Asker: 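Below: one structure in structure tokens.
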Amino acid sequence: MARVALVTGGQRGIGAAISEALKAAGRTVVASYAGNDAAAQAFTERTGIPCYKFDVSDFAQCEAAVKKIEAEVGPIEILVNNAGITRDATMKRLSRQMWDDVIDTNLGSCYNLCKLVWDGMTARKYGRIVNIGSINGQAGQYGQVNYAAAKSGIHGFTKALAQEGAKIGITVNAIAPGYVDTEMVRAVPPDVLEKIIAKIPRGRLGRAEDIARGVVFLTTDDADFITGSTLSINGGQHMY
Ligand code: NDP
């Protein structure tokens with residue numbers, strides 16, 4: 001039986017590439033999303049991958065969704081915590097709401113979903129968890145106190161949970177993408193983007209597929225001895 005993989009935010013951007021790559025690697029893939037029904041419908045029509053709508057920052061919604069997915073598709077053995085948002089502002093303008101939204105969506109979601117799949121993975125003595133961090137969680141970024149804190153938190157979360165999972169067959173790793181050509185990055189002003197690309201030794205933005213290949217590898221049996229690690233995929237922009 002193909003292992004079931006849940007990719008949060010898995011119907012567009014980096015998440016869509018992850019979902020498709022996992023499917024190509026023989027997994028049974030389920031994608032989640034927040035509210036972009038049009039993108040979800042188009043994605044399912046194109047790939048055959050079902051999409052479930054729920055807010056990853058809301059524990060009760062995650063709980064109901066995990067129950068539904070496990071009843072309809074099967075136990076989740078691979079979890080990719082990819083859903084994320086930015087609410088950029090310097091400290092002067094950073095409201096409490098912008099802080100909470102980013103922490104709850106990017107970091108709180110990792111707690112919510114790991115918590116909800118953990119008992120099942122423990123009982124089956126198998127699990128693969130990959131959390132999507134960011135270069136900006138490693139290096140910091142102007143105007144991203146909330147985002148950098150959430151992503152940096154993901155890296156600590158990963159190392160701590162990996163210690164709990166190691167003896168019971170659950171690996172927990174993170175990927176820290178550099179700047180990847182998605183809608184999130186296309187929202188950056190062109191002059192700022194040009195300066196960012198100039199700082200990437202490989203001379204280009206990342207592609208969603210660059211990140212997806214890393215996720216696929218970390219969820220294979222070949223990666224069984226890798227846990228608690230952060231794989232930087234950033235074209236050499238930040239060597240951590
Ligand atoms: P996109 O903005 O393209 O897609 C974000 C995805 O997350 C969408 O599927 C969205 O659903 C989903 N999502 C957002 N909020 C919620 C929520 N509350 N509940 C459920 N789903 C939610 O992002 P990217 O593909 O660019 O980024 C993917 C991940 O990679 C993020 O964690 C991001 O921080 C990280 N990253 C991205 C980089 C980049 O350069 N793009 C660089 C480093 C890290 P919907 O479509 O319904 O809104």
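For clarity, every value in this text was computed on a predicted model and none was experimentally measured. Order of appearance sets the numbers: ligands from 1, and atoms from 1 within every ligand.
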Asker: Heavy-atom contact under 4.0 Å between K53 and ligand 1?
Answerer: no
Asker: Quick test of your reading of the model: are R46 and E20 salt-bridged, counting only N-O distances below 4.0 Å?
Answerer: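 Answer for the salt bridge query: yes.
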Asker: Atom CD of residue position E194 - does it have more than 12 heavy atoms of other residues, nucleotides or ligands inside 6.0 Å?
Answerer: no
Asker: Taking only non-hydrogen atoms of T8, do any sit less than 4.0 angstrom from ligand 1?
Answerer: no
Asker: Apply salt bridge (charged side-chain N to carboxylate O under 4.0 Å, His left out) to residues D181 and R186 and explain how you reach the verdict.
Answerer: CA-CA 7 Å; D181 191 7; R186 273 174 234 139; 3.1 Å; yes
Asker: Return the closest protein heavy atom for atom 48 (O) of ligand 1 as residue, atom name and distance.
Answerer: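 Nearest neighbour among protein heavy atoms for atom 48 (O) of ligand 1, to 0.1 Å: R12 NH2, 3.2 Å.
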Asker: Is it the case that ligand 1 has an N or O less than 3.5 angstrom from some N or O of N106?
Answerer: no
Asker: May I ask you to identify, for N82, whether its side chain, its backbone, both or neither come under 4.0 Å of ligand 1 on a heavy-atom basis?
Answerer: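 It is both parts that get close, each with some atom under 4.0 Å.
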Asker: I need the atoms of ligand 1 closer than 4.0 Å to a non-hydrogen atom of I85, numbered in the order shown.
Answerer: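 Result: 14 (C), 15 (N).
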Asker: Pull out every atom of ligand 1 sitting under 4.0 Å from any heavy atom of G13, numbered as shown with elements.
Answerer: 3 (O), 25 (O)
Asker: Report yes or no: does T230 contribute a side-chain atom to a donor-acceptor pair with the main-chain N or O of I175 at less than 3.5 Å?
Answerer: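 It does not hold such a pair.
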Asker: Is it true that N136 and Y179 share a donor-acceptor pair across their side chains at a distance under 3.5 Å?
Answerer: yes
Asker: Considering both backbone and side-chain atoms of Q11, is one of its nitrogen or oxygen atoms within less than 3.5 Å of a nitrogen or oxygen in ligand 1?
Answerer: yes
Asker: Of all the heavy atoms in G206, does at least one lie under 4.0 Å from an atom in ligand 1?
Answerer: no
Asker: So which bit of V180 gets within less than 4.0 Å of ligand 1, heavy atoms only: side chain, backbone, both or neither?
Answerer: both
Asker: To the nearest 0.5 angstrom, please state how far the CD1 atom of I154 sits from the SG atom of C110.
Answerer: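 SG of C110 is found 4.0 Å from CD1 of I154.
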Asker: Under the salt bridge (charged side-chain N to carboxylate O under 4.0 Å, His left out) rule, what do D210 and R202 come out as? Steps first, then yes or no, please.
Answerer: CA-CA 13 Å; D210 294 323; R202 289 289 290 127; over 6 Å; no
Asker: Indicate yes or no: does R93 engage D88 in a salt bridge with an N to O separation below 4.0 Å.
Answerer: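 Result for this pair is no, no salt bridge flagged.
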Asker: Test your reading of the model: is there a side-chain donor-acceptor pair from N112 to the backbone of V56, 3.5 Å cut-off?
Answerer: yes
Asker: If you measure from each heavy atom of A208 to ligand 1, is any distance below 4.0 Å?
Answerer: no
Asker: Purely on distance, is any nitrogen or oxygen of Y179 under 3.5 Å from one on ligand 1?
Answerer: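 There is no such contact.
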Asker: Among all protein heavy atoms in this structure, tell me which lies nearest to atom 6 (C) of ligand 1, with the distance rounded to 0.1 Å.
Answerer: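 The closest heavy atom on the protein side is G9 CA, 3.8 Å.
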Asker: Should one rank I14, I211, D37 by closest heavy-atom distance to atom 27 (O) of ligand 1, which comes out on top?
Answerer: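 It is I14 that holds the nearest heavy atom.
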Asker: Compute the shortest N/O to N/O distance between E183 and ligand 1 and return yes if it is under 3.5 Å, no if not.
Answerer: no
Asker: Among the heavy atoms of I135, does any lie under 4.0 Å from an atom of ligand 1?
Answerer: no
Asker: Counting heavy atoms only, name the option from A40, S57, A34, A187 that's nearest to atom 21 (N) of ligand 1.
Answerer: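 Looking at heavy atoms only, the winner is A34.
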Asker: Side chain of N173, backbone of G228: donor and acceptor closer than 3.5 Å?
Answerer: yes
Asker: With heavy atoms under 4.0 Å as the rule, classify the contact between T105 and ligand 1 as side chain, backbone, both or neither.
Answerer: side chain
Asker: Compute the shortest N/O to N/O distance between S134 and ligand 1 and return yes if it is under 3.5 Å, no if not.
Answerer: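 Between S134 and ligand 1, no N or O pair is found under 3.5 Å apart.
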Asker: Determine whether any heavy atom of G35 lies closer than 4.0 Å to an atom of ligand 1.
Answerer: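 Distance cut 4.0 Å: G35 passes for ligand 1.
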Asker: Counting N and O atoms only, with roles assigned by atom type, does the side chain of Q61 sit under 3.5 Å from a partner on the main chain of D55, one being a donor and the other an acceptor?
Answerer: yes
Asker: Give yes if a backbone or side-chain nitrogen or oxygen of I132 is under 3.5 Å from a nitrogen or oxygen of ligand 1, and no if not.
Answerer: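 In fact, backbone or side chain, I132 has no N or O that close.
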Asker: Short list, please: which atoms of ligand 1 are under 4.0 Å from a heavy atom of F54?
Answerer: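 So the atoms of ligand 1 that pass are 19 (N), 20 (C).
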Asker: I need the atoms of ligand 1 closer than 4.0 Å to a non-hydrogen atom of V185, numbered in the order shown.
Answerer: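 Contacts of ligand 1 toward V185, numbered from 1: 39 (C), 40 (O), 41 (N).
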Asker: Measure from the side-chain N and O atoms of T8 to the backbone N and O of N82, and report whether any donor-acceptor pair falls under 3.5 Å.
Answerer: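 Indeed, once roles are kept as given, a pair shorter than 3.5 Å links the two residues.
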Asker: Could you check whether any side-chain N or O of N131 sits under 3.5 Å from a backbone N or O of T158, counting only pairs where one atom can act as donor and the other as acceptor?
Answerer: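 Pair absent, no side-chain N/O of N131 close to backbone of T158.
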Asker: Identify the protein heavy atom lying closest to atom 24 (P) of ligand 1, giving its residue, its atom name and the separation to 0.1 Å.
Answerer: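 So the nearest neighbour among protein heavy atoms is T182 OG1, 3.8 Å.
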Asker: Quick one: does K23's side chain have a donor or acceptor within less than 3.5 Å of a partner on T47's backbone?
Answerer: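 Indeed, once roles are kept as given, a pair shorter than 3.5 Å links the two residues.
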Asker: Output yes when a side-chain donor or acceptor of E70 lies under 3.5 Å from a complementary backbone atom of I76, and no otherwise.
Answerer: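 Checked: pair present.
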Asker: Are any of the N/O atoms on V56, whether in the backbone or the side chain, positioned under 3.5 angstrom from an N/O atom of ligand 1?
Answerer: yes
Asker: Quick check on contacts: which atoms of ligand 1 are under 4.0 angstrom from a heavy atom of D55?
Answerer: 17 (C), 18 (N), 19 (N)
